[in-house]
Amino acid sequence: MKKKTTRRNFLKGAAAAAAAASLPLSLVEFSWGKQNPQNFTLAYISDSHLTHIKGTEFVRNFDKGLKRAVTECNFMSPKPDFVIYGGDLAQLGKRQELEHGLEIMSRLRHPVKWVIGEHDYYLDLGRFWQDKISKLTYSFDHKGVHFVVLNSILTYDSWMKQWETPEERMGNMARLDNPNGSPFMVGEPQIKWLKKDLAKVDADTPVVVMSHSPLYKIFKPWNFWTDDAEQVQAVLKPFKKVTVLHGHVHQILYNQIGNITFQAMMSTAWPWPYPVSYAQKKSQVPKLTVFMNRADPFAERDATGWSILDLDSGRVTNHYKLWENQDRTLRFDEKLKAPVDTRYQDESSRIPPQTHY
Ligand SMILES: [Fe+2]
Ligand SMILES: [Fe+2]
């Protein structure tokens, strides 16, 4: 009897392995017997800020960041089901920058799900992006998880009207600490769309939302901020497992608000500092976050990176891949009901700044 069961399990495993093609048997076995959702792996690349100089010249350092992320995604095992691009492919929204980015990204051997960033948007208001790259707002289902992409970098009409040229508009939105900038928002039409989109999704289905800016409020003067974040969070509230993956902040950052886990992605171009280190204001960086060590100025790629994501039962485990540093892993802790750094969450295990993880 025992032998028979083992053989049957083996056959089930083999059938699942054939269906899942690229997954190693260990992963298939782990997910076997569970109802939806299944386990699978994704990658996340963000904020490459490819910068055009003139003619065919681009800032090589930023090209280098994106090229390495693409190469490493191609070597991933198991292969990612798809790669998410988190926005800010371009620096000033120029056609040359977006085309250059597409050329580098075309070397990826996996499908890409695209999220637009403000640096891609404010020159032509997303025209090139929508013609050549992707829709701005959409959703899809994958192996029992409902994915939603939002364009979270819209802003107020009154701000949009004040610029004489698209370049001026882009320039004023592109800077980190420009008092002439304007807070990001998702906007009423997209929130309405989101409500409608989620109306057909069961509350037990894991939901992963992908936006460029954080769908919560961290630091307004730098636009680490989405003005109508609470309205978006209210729409997500009925769902039991919600993860928001966002770019824009160029650093390891995570938070939990009610049922929603937020995870920030690193940039392949440069790391931003945490707002607390410059501002004379009370820090609004989430208490949960174990800061990443600041970049070593003598290592030009330090504190940049990308992510490999495992979705286990719809919860996201985030393996931050740092360029020349130890990886950091963030996993949702079922007991604490919040994401935790698997090595450094406990304060006594943290390593002082400027000592590499
Ligand atoms: Fe960015
Ligand atoms: Fe951004």
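In listed order, ligands and their atoms are each counted from 1. Index from 1, following the sequence. Every heavy atom of this structure was used, including side-chain atoms; hydrogens, water molecules and symmetry mates were not.
- The Fe ion (ligand 2) is the vertex of the angle joining OE1 of Glu118 and NE2 of His212, which measures 90° to the nearest 10°.
- Of all heavy-atom pairs between Phe62 and Leu50, the closest is O-CD2, 3.8 Å.
- Using a 4.5 Å heavy-atom threshold, the side chains of Asp47 and Trp306 count as separate.
- At a cut-off of 2.8 Å, His119 is not counted among the residues with an N, O or S atom near the Fe ion (ligand 2).
- Looking at Asp88 and the Fe ion (ligand 1) together, the shortest N, O or S contact belongs to OD2.
- Backbone or side-chain N, O or S atoms of His49 reach the Fe ion (ligand 1) at under 2.8 Å.
- At a threshold of 2.8 Å, the Fe ion (ligand 1) has a backbone or side-chain N, O or S atom of Asp47 nearer than that distance.
- Distances from the Fe ion (ligand 1) show that His250 has an N/O/S atom below 2.8 Å.
- Minimum-distance N/O/S atom of His248 relative to the Fe ion (ligand 2): ND1.
- Geometrically, Arg315 engages Phe332 in a cation-pi contact defined by less than 6.0 Å to the ring centre and at most 45° from the axis.
- Considering every non-hydrogen atom in both Pro271 and Thr304, the closest pair reads CD-CG2, 4.1 Å.
- No hydrogens or angles considered: nothing links the side chains of Glu97 and His52 as a donor-acceptor pair under 3.5 Å.
- For the pair Gly314 and Thr243, the tightest heavy-atom approach, listed with the atom from each and the gap, is O-OG1, 4.5 Å.
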